[in-house]
Amino acid sequence: MSDTTQTLPKAGKTLSGGRIDLLIAALLLAMAIAAPFVIESRYMMGQLILGLFWASVAVQWNLLFGYAGVFSLGQMAVFAVGGYATAMLAYYLDLNIFLAIAAGAVIATVFSALVGLACLRLQGVYVALLTYAIAQVIYLLIVTDTNCFEMVGTTCRQFTGGATGFARFGDFGMRAILKGDWIKGNYAIVLGCFVLSMLVSWIILHGPMGLAFKALRDNQAYAVARGINRFHTQLLVFGLSAFFTGMTGGLYATHFQAIGPGIFSISSLLFILAIAVVGGVGTFWGPVVGTIVLMVADELMREVGSFRSIGLGLIIAFAVVALPRGLVGRFSDIFHKHKS
Amino acid sequence: MDILIAIITTGLTNGALYALATIGLSLVWGSMGMLNMAHGALLALGGYAVFSVATTLGLPVWLAVLAAAGAGALAGVILYICVVRSLIRTAGKNFETSVMIATVGISISLQNALLQVYGGQPLKQPFGVSGAFRIGDSVVPWLNVVIILVSVVVMLGLALLISRTRMGRAIRATAQNREAALLMGVAVERTYLQVLALSGAVAGICGVLVSSVTQLSPTLGADPMLKAFIMCVVAGLGNLPGAVAAAFGLAMIEAGVQFGMGARWGFPVLLMLVIAILIWRPNGLFGRAQIRRM
Amino acid sequence: MSETKGTSLELEGIHAGYDGPDVLHGITLTVPQGQIVTVVGPNGHGKSTLLRTISGLTARRAGRIRLGGQDLTGLRPERIAALGLAHVPQGDLLFPEMTVYENLQMGAYLSRDPQQFAALLEDVYALLPRLKERHGQIASSLSGGERRMVGIGRGLMAGARVLMIDEPSLGLAPLVIEQIYEVIGTLREQGRTILLVEENPARVAHLSDVMHLLDDGRLTWSGAPAELLEREELLETYLGG
Amino acid sequence: MINRRSLLRNSLASGAGLSLLAGMNASTANAADAEPIPIGAALPMSGTAAADGIEFKNGLDLAIEEINAVGGILGRPLELHIEDTAEMGADVVSQAMQRLIDRYGTPVIVNGYNYGTNMVEMDVAADSDVIFIHYNTLISHNNKFKEDPDRYYGSFQGDPPEYYYGPGLLSYLNGLIDSGQWEPANRKIALVASSVEYSIVIANAVREFADQYGWEISLYETVQFPTNQWGPTLAKIRQDEPAVIAVTHFLPQDLAAFMTQFIPQPTNSLVYMQYGPSLPAFKEIGGESVKGVVYSTVVGCLPDDFSEGFRTAYREKFGPTAAYLTGSQTYDGLWKWALSAAIAGGAGEPYDGDQARAVSASMNRLIYRGVNGICRFDPEGQSAYTFPAQTPDASLGMPHQFLQHQDLTQDPVLVAPPAYAKGSFILPPWMS
């Protein structure tokens with residue numbers, strides 16, 4: 001039996017752990033910065049941006065589940081709230097897109113805190129169901145919305161965008177500046193926001209709040225006895241993870257210049273969960289590694305044509321079975337074994 | 001009156017389908033703490049098995065239904081041997097999430113394998129009953145009656161199996177206290193295998209019934225599974241009678257709301273009800289307080 | 001129970017533990033046929049781990065266990081149970097949603113002989129008449145003492161050659177504790193082979209043939225019960241008086 | 001391999017197209033060693049819409065086989081590359097298209113439909129200067145095109161937008177009444193839509209025009225997608241019997257279920273449905289109960305002599321249950337593009353705006369008669385013109401076909417528009 005609690009007793013090694021994190025971060029960042037200078041393919045740049053989106057959402061979900069032990073299935077709903085809020089603010093109020101993204105992140109935070117409030121007394125799978133039910137209600141009410149809010153040309157538009165969603169509410173403005181290389185501009189913005197979210201997450205996880213999360217996850221009764229306020233901590237983690245998830249949602253909507261109800265789909269949610277689990281739940285780099293692995297696997301699977309989905313499903317199942325602590329957990333096991 | 005009968009017919013039929021989907025899911029969840037996300041794909045497998053045996057091979061339909069149960073059971077066994085067994089040993093406290101993700105992977109593969117074999121065009125399910133009978137002015141199709149009957153019979157059979165046989169006792173004992181069951185000499189791993197096989201068989205039959213309404217497409221299990229997931233959690237951990245009650249109750253409410261408020265409100269209202277129930281009773285309506293760790 | 005006199009259970013240099021370091025550091029003891037051997041020691045020093053290791057619930061890291069001469073190495077708990085070891089675990093671990101009768105039925109899970117079952121059930125009901133009264137009641141609705149009785153009765157239903165009982169007095173009112181030890185006294189008269197674990201040596205001294213003191217995963221003293229009770233300094237040091 | 005006999009038969013199907021292309025190819029030599037032109041298609045090959053995705057691919061396969069048999073485009077053969085769009089979100093579809101462009105250098109992408117994309121495909125096409133033809137059947141295409149025609153010059157919707165289903169249906173109904181073929185008990189329509197853009201836009205269009213055509217919407221129900229238990233919805237319909245039940249949900253198995261649940265206790269209403277009844281599965285699953293159902297499509301293989309070669313070839317190649325009605329869309333789309341590209345002097349390649357604009361211009365000029373009827377692009381929205389709602393001239397618009405299931409052993413009967421009709425409307429059995 002081995003589990004993620006291993007990170008706790010090794011407190012004495014945080015310094016070296018921090019140094020390793022720094023090293024990995026520097027390496028990844030260097031590669032990420034070099035990418036647009038090396039890669040010419042717009043598709044590849046697009047995949048990198050998509051990868052940053054998924055990694056960011058998975059990192060934030062990992063913060064909730066891997067560190068705070070809250071098994072939420074509402075992650076894509078938070079993402080969608082951020083995206084929808086951004087789109088609607090920009091569409092209806094002509095808000096500057098960057099302001100809209102920031103506002104979207106705040107709205108997502110408030111939404112998520114409310115969900116957190118509802119989940120307060122629940123455990124494990126019950127949290128999963130509640131968060132999922134909330135996400136599903138929002139989705140269903142949006143897609144079945146048929147009331148005309150305004151007429152656009154000859155067709156009616158629902159306030160929520162209905163089954164169609166929103167498009168053309170503004171973009172980063174990179175097409176005007178960079179012309180054909182606009183995607184590299186988008187990449188720079190998305191990368192910047194991603195780095196910011198990783199930085200904040202790292203600081204939080206290595207601060208007193210991070211310890212409180214872990215304590216609640218590993219032994220709730222003990223943590224509460226030690227004076228950790230479950231109510232505050234849980235709300236905080238819901239809100240915190242939601243801020244960056246919502247922001248990513250806004251960036252996503254702006255990059256693709258579209259947001260629609262499809263984003264609530266269970267398949268994108270499960271892809272996020274798979275990323276975190278394959279990479280390593282409860283490890284800082286797990287979701288990032290998981291994103292890289294799954295996106296590369298997906299890319300390779302495209303070569304086998306119609307067997308792609310079968311292969312991808314099997315890869316996910318195999319990864320979970322063969323790597324019970326995820327790739328990063330497996331690496332760190334090997335690493336620690338070598339050290340001791 | 002006419003409307004009441006329509007609502008009751010829909011509610012009971014959906015309730016029977018949900019209940020059958022739910023007990024398969026709940027059985028596995030209750031005894032091993034595993035949410036089997038491939039359950040929906042097993043439903044689809046059952047539906048297509050009937051098609052292959054009855055339509056393609058031309059064998060009698062009752063034999064085909066047995067084959068569907070067999071195919072489901074076999075899939076359950078394979079799922080246990082290839083995925084669940086090693087996760088139980090290695091995943092530790094992450095078992096709940098790991099097994100969810102792994103079975104999601106299996107489900108994606110299985111669905112797409114069905115797509116490759118049978119193609120994506122919907123196929124006609126050979127299991128079906130035509131005709132209808134009248135109650136006053138309203139008409140109730142025989143198919144709905146058959147669905148309700150078959151589902152009740154399967155559930156009764158399962159209840160007998162669980163409560164009266166040695167295997168059933170072992171399953172219940174394992175669900176209620178895994179360590180104690182081990183000390184009594186119950187081969188817990190074999191019990192898990194039996195549970196998954198049993199649940200697979202129920203899923204196979206459930207798939208036949210579901211597809212007699214929806215017809216065959218590789219994604220036919222997705223919707224019933226989602227509903228079953230909800231019923232299962234609302235009822236509370238592994239509570240089979242509770243799951244059945246929740247399935248029928250919620251299906252009735254859904255049908256009533258669909259008529260009263262409009263079809264678009266059916267599922268959302270049901271979900272809001274679920275949210276309210278969970279906030280009010282954090283362990284479901286009839287739930288045990290704790291998930292027993294593996 | 002007709003078996004030739006001899007050693008029923010033998011432990012040799014047992015090391016065991018959970019995730020972290022060893023909890024047991026080289027335990028060696030034997031339980032002879034027809035005797036009651038008691039392990040006493042403070043809480044958290046490995047008494048339950050010892051029993052769990054014997055019945056296979058906790059992985060053994062080194063050492064050897066023999067039951068009636070048969071090596072248990074590498075066997076899973078259900079196999080060990082089948083070889084004739086019954087374990088009444090700490091905290092009862094009943095099947096909470098089953099009736100008393102069903103719990104007893106589970107105790108005899110490995111026996112497929114209805115006559116043997118009837119005989120065992122009669123014995124258990126004779127020993128623990130309360131269980132007969134409550135046979136249809138759901139286990140989770142019983143009182144603490146009744147649950148303990150179900151636990152012991154369920155252990156007896158296995159008809160095993162060795163019975164291990166983990167802290168039968170834990171969490172019970174003094175009056176109930178007395179009743180429970182009366183039952184164990186009867187078992188002793190019946191000549192059962194029992195490995196008993198208890199925190200308080202005074203309670204079990206009169207029942208035991210041999211006593212061991214378990215401290216921090218090691219057996220620090222072994223001998224006749226009367227001797228232990230005389231060694232006040234031992235009791236003082238290890239058991240806090 | 002395509003043999004001479006089937007080539008001849010197919011040349012009947014694509015008629016002028018085949019010989020026109022062959023003629024243009026005649027001047028170019030050494031077709032054999034010419035580098036192939038990559039053709040892209042981003043289709044839902046897995047997931048809920050996989051059935052249609054497969055047919056869209058079939059249509060492309062057949063068209064490419066025929067085009068290559070006459071020497072490809074100016075001597076260069078075509079080569080198909082498919083990307084799976086599975087659940088078809090905006091991100092997935094635009095990345096799939098970008099991959100086709102970057103990886104294979106496809107100068108053209110011919111899609112079937114992908115729903116839930118908000119038409120972001122048009123931005124991918126615009127940014128990469130490729131020609132993009134699709135059958136999403138969405139008015140959002142036109143709206144988006146109108147916002148910036150110069151940017152979206154390369155995006156074409158090969159069929160009319162779903163919006164025209166609204167006026168099309170209403171004017172068909174009035175035509176039935178005017179010609180005395182049907183006497184409705186009242187002027188009420190019950191609308192049943194499902195929660196997908198396509199279905200809702202059609203329902204909304206019907207609702208919007210109802211007044212104008214003298215109708216009243218007595219019920220507007222939005223059901224989930226998919227739906228198979230129609231009990232509560234039917235009970236509502238029965239409460240206030242409408243003259244017309246219009247179901248704009250489109251999955252064939254669900255629509256068949258609607259009919260099997262409707263027939264035991266029918267109302268005196270005409271039942272109109274969307275898309276699904278055109279697929280073989282609808283009839284197969286619904287059996288007797290679908291007899292009398294009217295449906296319409298703004299695009300679909302016409303049941304005429306002209307398309308017979310196509311239909312035969314399609315069924316021969318892909319099996320008797322293959323839905324050529326779906327495959328015909330991409331089939332026509334690719335043919336029209338191939339001819340336009342040949343006329344423009346070549347397919348060009350991505351990021352070559354000049355050539356792409358030349359191809360686009362020739363696509364707009366070319367009026368192409370395919371197996372679905374006329375494809376002529378409306379310069380206002382760059383979607384195919386629909387006949388008769390948009391143009392009264394049958395030779396200038398794609399016919400909005402109304403069909404009815406009459407004899408279940410035969411294909412459904414085309415009952416309107418008159419220029420193409422093969423039979424006339426009969427009163428459904430539950431109404432007589």
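Residue numbers begin at 1 in each chain, while the letters A, B, ... track the order of the sequences.
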Produce the donor-acceptor pair table for chain B versus chain D, cut-off under 3.5 Å.
{"from": "B/D2", "atom 1": "OD1", "to": "D/Q265", "atom 2": "NE2", "distance (Å)": "3.2"}
{"from": "B/Q121", "atom 1": "NE2", "to": "D/E55", "atom 2": "OE2", "distance (Å)": "3.4"}
{"from": "B/K124", "atom 1": "NZ", "to": "D/I285", "atom 2": "O", "distance (Å)": "3.4"}
{"from": "B/D137", "atom 1": "O", "to": "D/Q265", "atom 2": "NE2", "distance (Å)": "3.2"}
{"from": "B/V139", "atom 1": "N", "to": "D/Q265", "atom 2": "OE1", "distance (Å)": "3.4"}
{"from": "B/F259", "atom 1": "O", "to": "D/K236", "atom 2": "NZ", "distance (Å)": "3.2"}
{"from": "B/A263", "atom 1": "N", "to": "D/E221", "atom 2": "OE1", "distance (Å)": "3.4"}
{"from": "B/A263", "atom 1": "N", "to": "D/E221", "atom 2": "OE2", "distance (Å)": "2.9"}
{"from": "B/R264", "atom 1": "N", "to": "D/T222", "atom 2": "O", "distance (Å)": "3.0"}

Pick from D/A257, D/G231, D/P232: which one has the most heavy-atom pairs with chain B under 4.5 Å?
D/P232
Which bit of D/P252 is near chain B, if near means a heavy-atom gap under 4.5 Å: side chain, backbone, both or neither?
side chain
Could you look at D/I54 and say if it's the side chain, the backbone, both or neither that has a heavy atom under 4.5 Å from chain B?
side chain
When the 4.5 angstrom heavy-atom criterion is applied to B/L123 and chain D, the contacting part is backbone
In terms of heavy-atom proximity below 4.5 Å to chain D, should B/L115 be classed as side chain, backbone, both, or neither?
side chain
